[in-house]
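In what follows, a single structure is set out as structure tokens and then discussed.
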2 protein chains.
Amino acid sequence: MMTGHTMKLQQLRFVSEIAKQHLNISRAALALHTSQPGVSKQIRQLEEELGVEIFARSGKHLSHLTAAGETILAHADEVLRQVSAIKAIALEHADKNAGTLGIATTHTQSRYVLPPVIGRFIGKFPRVALQLHQGSPVQISELAANGTADFAIATEALEQFSDLVMMPCYYWNRAILLPRDHPLAAGSTLSIADLARFPLVTYTFGFTGRSRLDEAFKQHGLAPNVVFTAADADVIKTYVRLGLGVGIVADMAHEADKDSDLIAIDASHLFAPSLTSIGFRRGMHLRSYMIEFIEMFAPHLSRGVIESCALTQNTQERKALLAELTVPRYADLLTVAD
Amino acid sequence: MMTGHTMKLQQLRFVSEIAKQHLNISRAALALHTSQPGVSKQIRQLEEELGVEIFARSGKHLSHLTAAGETILAHADEVLRQVSAIKAIALEHADKNAGTLGIATTHTQSRYVLPPVIGRFIGKFPRVALQLHQGSPVQISELAANGTADFAIATEALEQFSDLVMMPCYYWNRAILLPRDHPLAAGSTLSIADLARFPLVTYTFGFTGRSRLDEAFKQHGLAPNVVFTAADADVIKTYVRLGLGVGIVADMAHEADKDSDLIAIDASHLFAPSLTSIGFRRGMHLRSYMIEFIEMFAPHLSRGVIESCALTQNTQERKALLAELTVPRYADLLTVAD
DNA sequence: CGAAGTTACGGATGCCGTAATGATG
DNA sequence: CATCATTACGGCATCCGTAACTTCG
């Protein structure tokens, strides 16, 4: 018989993973829990069947994707997306209300914003196992993009991943936290210049809208004296309490009851608002409880809008869809929820 | 080890083909050149792996698709489209200018319209093997939809197939063909009523815009006396020459030189114009010579427009794209070509 | 020499085809 | 009883993992 060698899904997985692993077959094999030689051979078989090289070799290394490979990769990824959609659909129909939900997000979200949402969620979907992954915005994006998590929720650096569909959830701003005996606690309305005069304690760069903060100072030609940074507000508050400096945190992080020993001053007149978004892989099948989660988290995102976004290939169209939404501010969400 | 049973492309092919064959596994097996038991078993395995029934069984028959099956089918079809795109891409890169081009069309097109186009095409692409499939409009659609042909070119009944992307090529109308000694040959401008008074020879219903013709008579409350119908204009002309009646054929079918023994009268004032379109499977990868073929056939369709249409999922958007085109009349195409 | 890809080989999985069985109208 | 799906079974391809080889920096 002829060596018909009909294309296999595995082979497409291999192609995709090799590309994802920067053309390193060994890494790809590792990531897919299989052997290097197996991957290598399947790739060669696929290339033989297609009659085209997908990867260009220089010596014993894969140097780059060929032109054909570039295009094939895009289609292979699409195939894999569809396949995982099929699996998700099957789960959906096997049991609408059971499954898993992986959320990758930052400390701010998981510590302050998500608890009430997740509380309601597990109340309604007790048989959905929740996994919370915490990390930097970049890590979060990767977790969502590679399927470790279903959703990414964060404020910064998520738009870069073209594989992710991002939807706006709410605008928020900062709160200034002061010890009760701090000089600024007495003053009237705060200015950027006031802040620049004191040591500051805030988020590490890349976290929770830190870049917006820097912009504001820069616009006024001021250099903030940031003496301490942390990735999470709990740590920041601790150091504010020690008198190390003035805390600038997301307003979500201020808890009136537990932080009553600190003075909190709204700083929305000082900084441009930041936008927190939720994202998921393009073309991913959203299980119904996933959609409900989004609705709980961001009530202005309705099932219809979400599904349209999930299906729309074109980034421009998606933007148009989303532009019609009225995105709430976090403070307003709170009053509604209570 | 667990029986992991990873989903196979074959299984998706089976699902798709069974659905296409009206839920008849035997037919599907036949169509895919394999055995019924094999197909049956693979389907069960897939269903087992997914944990969902795709097909609902009533006794020993597949009665319908389950809800899950409906959705899964759509994704399976998409996977298969992508896979065939990958194959086409490979061919494309293996040799840009070699391959095959299957065109399914009617007699009118293949006999009168296509010859000059195909002449130019094989001049430019001598290493592309051309296959011309002839059939009724419905057959043509099926040939294109199931991949036997790459293109469908026809006037009627192509819009129904949601799997096909149709693009308008040209408007055309009818010519009246008369023997030189026919009474109508002497008269001035012809009317529908004139035609109704004589026996007519024209296309069989369902071919080459026949329905437009019937409409015109019906609008005037007239019943045409169609004494003979054929699927092709050559046959019609033959019978006109025998004096059997007045011929009504597509204007493309009138050849001034070869039909000089007949009187030809333009009938565009009597009938509404018909539109000939070219179509291909949605999402199909168009090889570059295929795009050039379309450009040769319908110069107003540029590569950019064609590719946009091929990629656009949404039917509405496609309509919008096409609405901006100026579709020429066949007669005008001729003068440009010469 | 270390890291990475390819070749060689053996075992086990699993696909497919033939034949037999069961169910349905 | 004819049609169609499922079960049973055996052969054969092929996929994968281990081990040895090669090539490049």
Side-chain angles (χ1 to χ4, degrees), chain A residues 1-50 52-66 69 73 76 80 83, chain B residues 1-50 52-66 69 73 76 80 83:
Chain A
M1 192 53 188
M2 265 281 292
T3 129
H5 273 324
T6 170
M7 191 186 310
K8 280 182 13 180
L9 279 176
Q10 281 277 12
Q11 296 172 326
L12 301 185
R13 272 188 214 106
F14 290 168
V15 169
S16 176
E17 190 64 35
I18 291 173
K20 208 170 266 173
Q21 301 289 346
H22 304 96
L23 304 178
N24 185 321
I25 292 187
S26 305
R27 281 183 174 287
L30 215 56
L32 296 172
H33 309 293
T34 184
S35 66
Q36 286 123 349
V39 176
S40 182
K41 183 165 191 184
Q42 288 305 319
I43 293 296
R44 296 233 89 125
Q45 283 196 6
L46 178 59
E47 291 180 327
E48 187 195 352
E49 176 187 350
L50 294 178
V52 184
E53 299 249 300
I54 296 172
F55 300 103
R57 277 88 168 165
S58 77
K60 281 283 175 180
H61 287 254
L62 306 190
S63 58
H64 57 90
L65 281 160
T66 62
L73 172 62
L80 299 178
V83 166
Chain B
M1 191 56 185
M2 264 282 293
T3 129
H5 273 324
T6 170
M7 191 186 311
K8 282 181 12 181
L9 280 176
Q10 281 278 8
Q11 296 172 327
L12 300 184
R13 276 190 210 102
F14 290 168
V15 169
S16 176
E17 190 63 34
I18 290 173
K20 208 172 267 173
Q21 300 291 345
H22 303 96
L23 305 178
N24 184 321
I25 293 188
S26 305
R27 284 184 174 285
L30 215 57
L32 295 173
H33 309 293
T34 185
S35 66
Q36 285 121 351
V39 176
S40 182
K41 184 167 190 184
Q42 289 304 319
I43 293 296
R44 296 233 89 127
Q45 282 196 6
L46 178 58
E47 291 180 327
E48 187 195 352
E49 176 187 351
L50 295 178
V52 184
E53 299 251 299
I54 296 172
F55 300 103
R57 277 88 167 165
S58 77
K60 282 283 177 179
H61 287 257
L62 306 190
S63 58
H64 57 89
L65 280 159
T66 63
L73 172 62
L80 299 178
V83 166

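As the structure is a computational prediction, the values presented were derived from the model and not from experiment. Proteins get letters first, then strands, A, B, ... in listed order; numbering begins at 1 in each.
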Rounding to an integer number of Å, can you tell me how far [X] [atom1] sits from [N] [atom2]?
{"X": "A:Glu49", "N": "D:dT14", "atom1": "CD", "atom2": "P", "answer": "11 Å"}
{"X": "B:Ile25", "N": "D:dA5", "atom1": "CD1", "atom2": "C1'", "answer": "6 Å"}
{"X": "A:His61", "N": "D:dT22", "atom1": "NE2", "atom2": "C1'", "answer": "12 Å"}
{"X": "A:Phe55", "N": "C:dA4", "atom1": "CZ", "atom2": "C1'", "answer": "15 Å"}
{"X": "A:Leu32", "N": "D:dC15", "atom1": "CG", "atom2": "P", "answer": "16 Å"}
{"X": "B:Arg27", "N": "D:dA5", "atom1": "CZ", "atom2": "P", "answer": "10 Å"}
{"X": "B:Leu46", "N": "C:dG14", "atom1": "CG", "atom2": "C1'", "answer": "15 Å"}
{"X": "A:Arg44", "N": "C:dT6", "atom1": "CZ", "atom2": "C1'", "answer": "8 Å"}

Respond yes when some side-chain nitrogen or oxygen of [X] is under 4.0 Å from OP1 or OP2 of [N], and no when none is.
{"X": "B:Asn24", "N": "D:dT3", "result": "no"}
{"X": "B:Thr34", "N": "C:dG17", "result": "yes"}
{"X": "B:Arg57", "N": "D:dT6", "result": "yes"}

Query raised in the report: For residues 8-19 of chain A, which residues have at least one heavy atom under 4.0 Å from DNA chain C?
Result: none
Query raised in the report: What residues in residues 35-43 of chain B put a non-hydrogen atom under 4.0 Å from any atom of DNA chain C?
Result: B:Ser35, B:Pro37, B:Gln42
Enter the distance from [X]:[atom1] to [Y]:[atom2] here, rounded to the nearest 0.5 Å.
{"X": "A:Leu46", "Y": "A:Phe14", "atom1": "CG", "atom2": "CZ", "answer": "11.0 Å"}
{"X": "A:Thr6", "Y": "B:Arg13", "atom1": "OG1", "atom2": "CZ", "answer": "4.0 Å"}
{"X": "A:Leu65", "Y": "A:Leu23", "atom1": "CG", "atom2": "CG", "answer": "5.5 Å"}
{"X": "B:Gln10", "Y": "A:Leu9", "atom1": "CD", "atom2": "CG", "answer": "10.5 Å"}
{"X": "A:Lys41", "Y": "A:Ile43", "atom1": "NZ", "atom2": "CD1", "answer": "13.5 Å"}
{"X": "B:Glu17", "Y": "B:Asn24", "atom1": "CD", "atom2": "CG", "answer": "10.5 Å"}

Query raised in the report: How is A:Leu23 classified with respect to the nucleic acid when contacts are heavy atoms under 4.0 Å: base, sugar-phosphate, or nothing?
Result: sugar-phosphate
Query raised in the report: A:Ser58 near the nucleic acid: base, sugar-phosphate alone, or nothing, with a heavy-atom cut-off under 4.0 Å?
Result: nothing
Query - Closest non-hydrogen atom pair between A:Ala56 and A:Thr66, with its separation - result: N-CG2, 3.9 Å
Query raised in the report: B:Gln45 has a side chain; which of D:dT7, C:dC15, C:dG5 sits nearest to it?
Result: C:dC15
Query - Side-chain touch B:Glu47/B:Val52, heavy atoms, less than 4.5 angstrom - result: no
Query raised in the report: Can a salt bridge be assigned to the pair B:Arg44 and B:Glu53 using a cut-off of 4.0 Å between side-chain N and carboxylate O?
Result: yes
